[in-house]
Number of protein chains: 2
Amino acid sequence: MPGTSGQAQGGRPEGARAAGDGAVEDALTPDGRSTRWADHRVARRTELVHAARRAVHRHGPDVSMDEIATTAGTSKSIVYRYFVDKPGLQRAVGEAVVAQMHTAMDEAARLAETPREALRGVVDVYLEMAEASPNVYWFVTRPVTEDASVPLGHFLDQVAGLIARPFARVAAVEAPAGFADVWATGAVGFVRGVGEWWLQHRTDPDAPSREVLTERVTSWLWTGPVSGLARTRPESPMTGQITSETSSETTSETSS
Amino acid sequence: MPGTSGQAQGGRPEGARAAGDGAVEDALTPDGRSTRWADHRVARRTELVHAARRAVHRHGPDVSMDEIATTAGTSKSIVYRYFVDKPGLQRAVGEAVVAQMHTAMDEAARLAETPREALRGVVDVYLEMAEASPNVYWFVTRPVTEDASVPLGHFLDQVAGLIARPFARVAAVEAPAGFADVWATGAVGFVRGVGEWWLQHRTDPDAPSREVLTERVTSWLWTGPVSGLARTRPESPMTGQITSETSSETTSETSS
DNA sequence: TCACGAAACCGACGGTATCAGGTACTGTGG
DNA sequence: CCACAGTACCTGATACCGTCGGTTTCGTGA
């Protein structure tokens, strides 16, 4: 499945100085000189992610690392201390965004009473995110151009995971395992496609509002293109809510 | 400035001596010295596109222009005489691929008896193309990273157009104008998403074959994820009938 | 006159290395 | 207990390298 468990959080630099990675089991003697940075590091890292987000928001998805560093009030050296490389940063930002969406989606899913409604909520969250900052959206979404395409941990895969989880529950009854994941991947692709189209045509006079588009997309996804009107059918209840342990950091983030 | 003018096929260099964007000018100028090169130019151009394709196929979607030129047996100077810039080349290659798919899709569409079958054909063509050369697929598919995201004329949009046209005919009866295009955009996104997932998991022992995947995707796209089994409902007539034949999955058998 | 193609060149950018501080902890000796 | 040296790690600035997209120059050939 996409985004399997997941370690490998964000592109961290390997040479993590941090608490005795190797060395003799100094578990006995946690050197204060090393440990004292622990929290500082995570703080700084998220701060950098935040800055990167702002930089991208302002200067577009192609900001240079220099520009990002400047926005963060520091220099490349620091940025590269916290992120292996640019794709690494991209991943980290992507994860932040995913985390944010995660909570929003949980919210939407909890309020939903049918799987279809849950799906609709997810679509809306996605679109809302893209609209909030197209630049960040592109930054996070764009394949990392890395030689090995899609170095995994890709943003879209994570989103797919988000939508697959609740859906799998329902699908489990009627579809072989693994189907849910693939479908979710496709579904994300669908809203991605429509979403990106929308980002470019939002301004057009005859462009649909986000709400309308959301509903339309949900319908297409759920029942196909042939007008679903008479297609309504009693859905499987799908337990009342979906809930999933949220958490994730802050989420505060504001891009502007 | 970009935009304004219309389509602007493939990224041609504006300053191109004569020719401009159409051979028109050549036709008008009886000057032998001009016409002499007219056909040569188009020949060379397609030749370069072909070379680019080979280069990409061999060296990955991130080949340098130098490498492409070398593969073509020439140097950058020439490449830049025929294409404004790298995105321009990308577009040109994309168009070549689209053209290829176009004929294949027409073939598929002609053989299809129901819209669903036509869709299935399209999906298959897309997947086939991606599988034929993942590298070229990525090259053509990857957003041009240009500042202005999606400089239009994007490969995927063209594919969406391909699938929208025949579909629009059917949809016209029951959906407002423009719906078909948007749906097509989403549909392309769907198969793109699944396709890219598949490209990475093709090798896995439990990965579905292209045929199976095609059927599955078509089904999802056409009738949604809730297994169509009990979905039997009298379809709106649409052109002919939907013939639910095969609509259920024979797909389930393989692996998974 | 036009295209060709080699080659030098430019600037931007990703990424690395160096270096001169800075601060809190650890260890020792008095 | 205190002072002081040493340590572990962080900070940023700057210079630097290689690559690559793209331009220019110039000589060749039809």
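This one's a predicted model, so the numbers in the text were calculated from it and none came from an experiment. All heavy atoms count here, side chains included; hydrogens, waters and symmetry mates do not. Within every chain, numbering begins at 1; the chains are lettered A, B, ... in the order of the sequence lines, protein sequences first and strands thereafter.
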Rounded to the Å, how far apart are [X] [atom1] and [N] [atom2]?
X       : N      : atom1 : atom2 : result
B:Arg81 : C:dC2  : CZ    : C1'   : 9 Å
A:Asp66 : D:dA15 : CG    : C1'   : 12 Å
A:Gln90 : C:dG14 : CD    : P     : 10 Å
A:Tyr82 : C:dG15 : OH    : P     : 18 Å
B:Tyr80 : C:dA6  : OH    : P     : 16 Å
B:Asp85 : C:dA12 : CG    : C1'   : 16 Å
A:Ile78 : C:dG15 : CD1   : P     : 16 Å
B:Leu89 : D:dG22 : CG    : C1'   : 13 Å

Exam field: side chain B:Trp198 to backbone B:Gly193, donor-acceptor pair closer than 3.5 Å: no

Donor-acceptor contact present, side-chain A:Gln90 to main-chain A:Phe139, <3.5 Å: yes

Return the minimal non-hydrogen interatomic distance between [X] and [Y], and the atom names on each side.
X        : Y        : answer
A:Val49  : A:Ala96  : CG1-CB, 4.0 Å
A:Leu199 : A:Ala130 : CD2-O, 3.9 Å
A:Ala160 : A:Val188 : CA-CG2, 3.5 Å

Any A:Arg41 side-chain nitrogen or oxygen under 4.0 Å from OP1 or OP2 of D:dC10: yes

Below 4.0 Å: OP1/OP2 of D:dG12 and any side-chain N or O of A:Thr74: yes

Heavy-atom donor-acceptor pair, B:Lys76 side-chain to D:dG22 base, under 3.5 Å: yes

Donor/acceptor link under 3.5 angstrom from A:Ser77 side chain onto base of D:dA13: yes

NZ/NE/NH1/NH2 to OD/OE distance under 4.0 Å, B:Arg91 and B:Glu95: no

Heavy-atom protein contacts under 4.0 Å, nucleotides 23-29 of chain C, coded B base, S sugar-phosphate only, - none: BBBS---

Partners passing salt bridge (Lys or Arg N to Asp or Glu O under 4.0 Å) against B:Lys86 (at least two apart in sequence or in another chain): none

Touch class at under 4.0 angstrom, heavy-atom based, for A:Ser75 against every strand present: base

Among C:dG15, C:dC4, D:dG12, the one nearest A:Arg44 by side-chain distance: D:dG12

